[in-house]
Amino acid sequence: MSIDTITVRKAENGLRGTITVPGDKSVSHRVAILGALAEGAMKVQNYLCSEDCMNTLRAMQQLGATVVPGDAPENFTLTGTAMQPVAPAKDIDCGNSGTGMRLMAGVLAALPFSSRMYGDPSLSSRPMKRIIDPLALMGARITACGEKPGCAPLSIEGCALKPVHYDLPMASAQVKSAVLLAGMLTPGETSVHQPSITRDHTERLFAHFGVPCKVSEDGLDISTHGPARITAKDIIIPGDISSAAFWLVAASVVPNSDITLRHVGLNPTRTAIIDVLRRMGADINISVTQENGEPFGDITVRTATRLVGTEIQKSEIPNLIDEIPVLAVAAAFAEGNTSIRNAAELRVKESDRISTTVNNLRAMGAEVEEFEDGMVITGGAPLHGAVMDSYHDHRIAMGFLMAGLNASGETTLLNCANINTSYPSFVQHLENLIS
Ligand code: S3P
């Protein structure tokens, strides 16, 4: 079934049931990249088999890693190249994934061969200078060959790099990780300073695989020491809290809902969405069930008795950056104002998520004021269904389908195929929870 156009109606019976959201996208990319350079074989469980992460896994196979399928598509054995990858025989397709391209650039820049990465129209319009600049300070030779200046395709002439200290101009886990991955392959100490805490999956995976990694007490300074050896070690990837976020919001706003999300990653650099929703009045209960480099748990959500608007703090933005479209939907159902500022990074995601979120909120009858760096939503008025574009952005598509579950009439999202980049089982989970 094509999921390019999806229509939902008000979920009259509430959302009910238990689902297991798929593996974490950020962790999956990193596991593929580090596993491909590791010495030995490791069992990977719960890899995200979405287009984005499969592109990264295929890229790593082009570099010589091998994948032996396990009992399900998301479980496999990954054998690395012991830091001896081979030059890719053809250009690397990164599809829609900024994470894949930016992280792989850090690795490819430090390897002794040439490579070229390209992506779809959305990825080809996203800024790559943010990783080219710090990597160039290390001596990397990366040319942005896109029609738009500073954009993909990226042509990389790999060479030996020198270590740097880099002060990140923006709070970006992708930029931080690109530098640290290059640093891992470079003799000496490479360090970064980030203006605020961003997701720390790279640091945690470095620790898991025995790559040197020091993090300052405040979490803002991170260093690694190369050339590192990566020791293969089995890993279980947690469920993606960014995928869980859609259901956290939908179950909070749709009357008569009671759902459980199993095996969700609860890394504290990713859980700001839970903190913010709770602050707004959401009824969310968590039980941490295990720890495998990252904490995991089950989350139960019931309809909130009352949701109220809130002000998102600047320091919270990087830790819920991907959840902002669906958080804006929650805000439209909450009484009073929700202010989301200091979030200009949203303009350079898979779509300009400030304008696409604002357009769609307005299409459903919500009151919202747009700013260069965010939006202020005045919630509480009922929303009505509409036909909306998802602008080929998976999180806009899923976020506004959630809005449709609590809006009058029919809500149709066009150009939704990109849901497959992060959440291939989304439609099945939607059907399970509303039936
Ligand atoms: C990611 C970091 C975030 C996020 C993206 C995944 C990562 O981007 O939006 O979906 O895996 O490092 P930035 O770090 O560029 O904000």
Side-chain angles (χ1 to χ4, degrees), residues 24-26 99 168-177 193-204 215-222 238 240-249 252-253 264-284 286 294-295 297 299 301 304 307-349 352-354 357-358 361 368-379 395-396 399 402:
D24 188 274
K25 184 150 79 71
S26 293
T99 311
L168 295 178
M170 79 286 285
S172 166
Q174 293 180 353
V175 177
K176 169 180 75 175
S177 301
H193 173 80
Q194 49 183 353
S196 69
I197 302 275
T198 63
R199 63 191 70 193
D200 66 355
H201 304 299
T202 301
E203 296 89 309
R204 284 172 183 259
V215 182
S216 63
E217 221 167 284
D218 62 9
L220 298 177
D221 292 280
I222 303 116
D240 198 326
I241 189 161
S242 297
S243 298
F246 299 107
W247 312 117
L248 296 179
V249 169
S252 295
V253 301
V264 182
L266 294 168
N267 177 318
T269 62
R270 297 284 299 283
T271 48
I273 182 67
I274 294 177
D275 304 334
V276 169
L277 287 172
R278 279 180 165 162
R279 199 159 77 217
M280 294 172 78
D283 179 355
I284 299 177
I286 298 177
E294 301 265 354
I299 307 180
V301 197
L307 281 183
V308 291
T310 186
E311 187 174 337
I312 311 301
Q313 300 304 307
K314 187 175 180 187
S315 60
E316 289 175 319
I317 294 288
N319 298 331
L320 47 64
I321 189 79
D322 293 339
E323 289 70 75
I324 289 176
V326 77
L327 177 61
V329 166
F333 291 111
E335 291 165 35
N337 285 353
T338 295
S339 163
I340 305 171
R341 303 294 302 270
N342 301 295
E345 275 295 301
L346 288 174
R347 296 221 181 257
V348 290
K349 294 295 178 187
D352 171 347
R353 286 186 178 155
I354 295 178
T357 300
V358 167
L361 283 175
V368 51
E369 191 178 353
E370 177 172 353
F371 295 90
E372 196 40 44
D373 67 345
M375 65 195 88
V376 173
I377 300 138
T378 303
R395 300 206 194 278
I396 297 294
M402 298 299 103

What's the spacing between Thr99 OG1 and His201 NE2 if we round to 0.5 Å?
10.0 Å
Test item: Asp200 and Val215 side chains (from C-beta on) under 4.5 Å apart, heavy atoms:
no
With a 4.5 Å cut-off on side-chain heavy atoms, are Leu327 and Leu277 touching?
yes
Any idea which heavy atoms bring Gln194 and Ile197 closest together, and the distance?
NE2-CA, 4.0 Å
Answer yes if the side chains of Glu345 and Ser172 hold a donor-acceptor pair under 3.5 Å, and no otherwise.
no
For the residue pair Ala171 and Pro195, what are the closest heavy atoms and their distance?
N-CG, 3.6 Å
Side chains of Lys314 and Ser196 in contact at under 4.5 Å (non-hydrogen atoms)
no
Between Ser216 and His193, is any pair of side-chain heavy atoms under 4.5 Å apart?
no
How far does OG1 of Thr271 sit from CD1 of Ile286, to the nearest 0.5 angstrom?
7.0 Å
Between Ala344 and Ile354, the two heavy atoms sitting closest are CA-CD1, 4.4 Å
Side-chain touch Thr378/Thr338, heavy atoms, less than 4.5 angstrom
no
Between the main-chain N or O of Asp240 and the side-chain N or O of Asp24, is there a donor-acceptor pair closer than 3.5 Å?
no
Please find the pair of heavy atoms, one from Ala332 and one from Leu361, that lie closest to each other, and give the distance.
CB-CD2, 4.0 Å
Residues Arg395 and Glu323 bridged, charged N to O under 4.0 Å:
no
CD1-CD1 distance between Ile377 and Ile340, expressed to the nearest 0.5 angstrom
4.0 Å
Which is it for Leu266 and Ile274 under the side chain to side chain contact (heavy atoms under 4.5 Å, CB included) test, yes or no, and what are the steps along the way?
CA-CA 10 Å; Leu266 294 168; Ile274 294 177; 4.1 Å; yes
Could you check if a side-chain atom of Asn337 sits within less than 4.5 angstrom of a side-chain atom of Thr310, using non-hydrogen atoms only?
no
Carboxylate-amine/guanidinium contact Asp283 Arg278, below 4.0 Å:
no
CD1/Ile324 to CD/Glu316 distance, rounded to the nearest 0.5 angstrom?
10.0 Å
Ignoring hydrogens, what is the shortest heavy-atom contact between Met375 and Ala328? Give both atom names and the distance.
SD-CB, 4.1 Å
Hey, does Val301 have a side-chain heavy atom less than 4.5 Å from the side chain of Trp247?
no
Of all heavy-atom pairs linking Ala304 and Gly281, the shortest is CB-O, 3.6 Å
Could you measure the distance from the CG atom of Asn267 to the CD1 atom of Ile241? Nearest 0.5 Å is fine.
9.0 Å
Test item: side-chain donor near acceptor, Glu311 and Ser339, under 3.5 Å
no
Output yes when Lys25 and Asp322 qualify as a salt bridge under the 4.0 Å nitrogen-oxygen rule, no when they do not.
no
For a salt bridge (Lys or Arg N to Asp or Glu O under 4.0 Å) check, start with the C-alpha distance between Arg341 and Glu372, then their side-chain angles and the critical distance, and finish with the verdict.
CA-CA 9 Å; Arg341 303 294 302 270; Glu372 196 40 44; over 6 Å; no
Between Arg347 and Glu370, is the closest basic N to carboxylate O distance under 4.0 Å?
yes
Side chains of Asn319 and Thr269: is there a donor and an acceptor less than 3.5 Å apart?
no
Say whether, by atom type as modelled, one donor and one acceptor occur between the side chain of Lys176 and the main chain of Arg199 under 3.5 angstrom.
yes
Validation row: Ile321, Leu346 side chains within 4.5 angstrom (heavy atoms):
yes
